[in-house]
2 protein chains.
Amino acid sequence: MAWKPSEREARGYHHGNLREALIQAARELIAEKGPAGFTFADAARSAGVSAAAPYRHFRDREALMADVAREGFQRFEAMLAAGWAGGKPDPITAFHNVGKAYLTFARTEPAYYAAMFESGLAPDVTKELRASADRAFAVLRQAADTLVALLPQARRPPALMMSLHVWSMAHGIASLFGRGDAGRRSLPMSAEELLESEMLIYMQGLGFPQKV
Amino acid sequence: MAWKPSEREARGYHHGNLREALIQAARELIAEKGPAGFTFADAARSAGVSAAAPYRHFRDREALMADVAREGFQRFEAMLAAGWAGGKPDPITAFHNVGKAYLTFARTEPAYYAAMFESGLAPDVTKELRASADRAFAVLRQAADTLVALLPQARRPPALMMSLHVWSMAHGIASLFGRGDAGRRSLPMSAEELLESEMLIYMQGLGFPQKV
DNA sequence: CAGGCCATGTTAATGGAGTTTACATTAAAG
DNA sequence: CTTTAATGTAAACTCCATTAACATGGCCTG
């Protein structure tokens, strides 16, 4: 009775990298059925191991979710930083690119995005989670620092406030219209166009010129 | 063997208004443990009936959630409309009051808000749900109509776009900073102040005067 | 290269909870 | 008084979480 000899042969008794495999499985399940749509046992099944195996790597389901979110924030940070591109070609264009990167991430990585923002996870269940989230926000914050420095000192808004404003715009649009999932609202324009125009008007209100 | 005679006497064999009682129970459970934090059976337990009773009123958990959300959108609409107050005392002030009402709703009715926006419910699982959501948005939309009419025709933005922008701001802030739940990020200012300043800058960008 | 440690998985057992079907009771109508 | 639809109940069934006891094999040490 050779019980699934191929699988066992393929990976042996030990999985080799179960931790990452579980995170990957969780991502796929979240993408399929939402952040509440999987159980610890489901993740184990998807990874091809017994239901007890995950306990060697994660205390419980929430710990697994927290690690998915942490990984997500790391990639998010990288994506926002790539959008900013050190302020090239000019700070204002680069700022808009950060906004685009935000929406691109939400659309191309809905599973990470859901784990990060819609899983009901407290931002500081873990020191590491909180830290990675802060690092991602810091990209936005630092971009805002650069931008306000372009304005005459008398009319500089607080950079923290400005970064919170832009974060709320991007997050609002991503949450409401950002994902391709069937159920979303239809729009007369794309989420990207919507955010672009919103940021444009906002920055006009702060007295930025359209271009540098 | 008088099994809980008092309760039975109090309501008789039939509950009388189980449907509403289940919605109420769901709200309390959502407020406690988040939109994923309750089951059909939990709701039944909270309402004081057996686990199978809810099936007489709702096809499944999702149908119950949809009705909570529908009720939520109705109250939401009323709250936004009260904030608008027909454009009194003046349209710009009234518009800001709509924003405040949005945040107030998110804070004072976190259960409704979660069911409406964070439950993973598709906007059109139900005709009624979709309709009630549209009616709530229509308040914002109509306020925007009134506002753009204040601008000289040459510089009028599309009112639909403007309403989507403001919706995304309010929703973004409510989602990120709006609830008192322990886990949220700390801020240098209140969510209300943040939204107020954001809308102010945005409207300045559109060329609105600070006051009428 | 042998021996043994220990991280990693497996099986099995237990307890608890959710869902669902078949049956029971009440209220209201004829 | 009987019928019938609405409303609940009870119990079977399935699945999940969790733990304990055992198995495997990679890798360090001598």
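To find a chain, count down the sequence lines: A is the first, B the second, and so on, and within it residues start at 1.
Residue contacts for A:Arg59: at a heavy-atom cut-off of 4.0 Å it reaches no nucleic acid atom on any strand shown. The residue A:Ala41 sits close only to the backbone: its heavy atoms come under 4.0 Å of sugar-phosphate atoms, none of a base.
Closest contact between the side chain of B:Ser50 and the listed nucleotides D:dT9, D:dC16, D:dT19 involves D:dT9. Nearest nucleotide to the B:Ala53 side chain, out of D:dA17, D:dT9, C:dT19: D:dT9.
Nucleotide D:dC16 holds its P atom 12 Å from the OH atom of A:Tyr55, rounded to whole Å. In this structure, A:Leu18 atom CG and D:dG25 atom P are separated by 17 Å, rounded to whole Å. Atom CG in A:Leu22 sits about 12 Å away from atom P in C:dT8, given to the nearest Å. As a whole-Å value, the separation of A:Asp60 CG from D:dT19 C1' is 15 Å. In this structure, the CG atom of B:Leu29 is 11 Å from the P atom of C:dG18, given to the nearest Å. Note: CZ (B:Arg45) to C1' (C:dT19) measures 13 Å, nearest angstrom. When rounded to the nearest whole Å, the span between CZ of B:Phe58 and P of C:dT20 equals 16 Å. Protein atom NE2 of B:His57 is 5 Å distant from nucleotide atom P of D:dT7, rounded to whole Å.
Between A:Ile92 and A:Met203 there is a side-chain heavy-atom pair separated by less than 4.5 Å. A heavy-atom distance below 4.5 Å is not found between the side chains of B:Pro123 and B:Leu129.
Toward the 5' end of DNA chain D, the nearer of the two residues A:Asp42 and A:Ala52, judged by each one's closest nucleotide, is A:Asp42. Heavy-atom distances to DNA chain C give each of B:Thr39 and B:Arg56 a nearest nucleotide, and the one nearer the 5′ end belongs to B:Thr39.
Taking side-chain N and O atoms only, A:Arg19 has no distance below 4.0 Å to OP1 or OP2 of C:dT8.
Under 3.5 Å, the side chains of B:Glu71 and B:Tyr112 contain a donor-acceptor pair of N or O atoms.
Because its NZ or CZ atom is not both nearer than 6.0 Å to the ring centre of A:Phe38 and within 45° of the ring axis, A:Arg27 does not count as a cation-pi partner of that residue.
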Stepwise salt bridge (Lys or Arg N to Asp or Glu O under 4.0 Å) test for B:Arg107 and B:Glu192: CA-CA 11 Å; B:Arg107 173 168 295 127; B:Glu192 276 77 5; 2.7 Å; yes
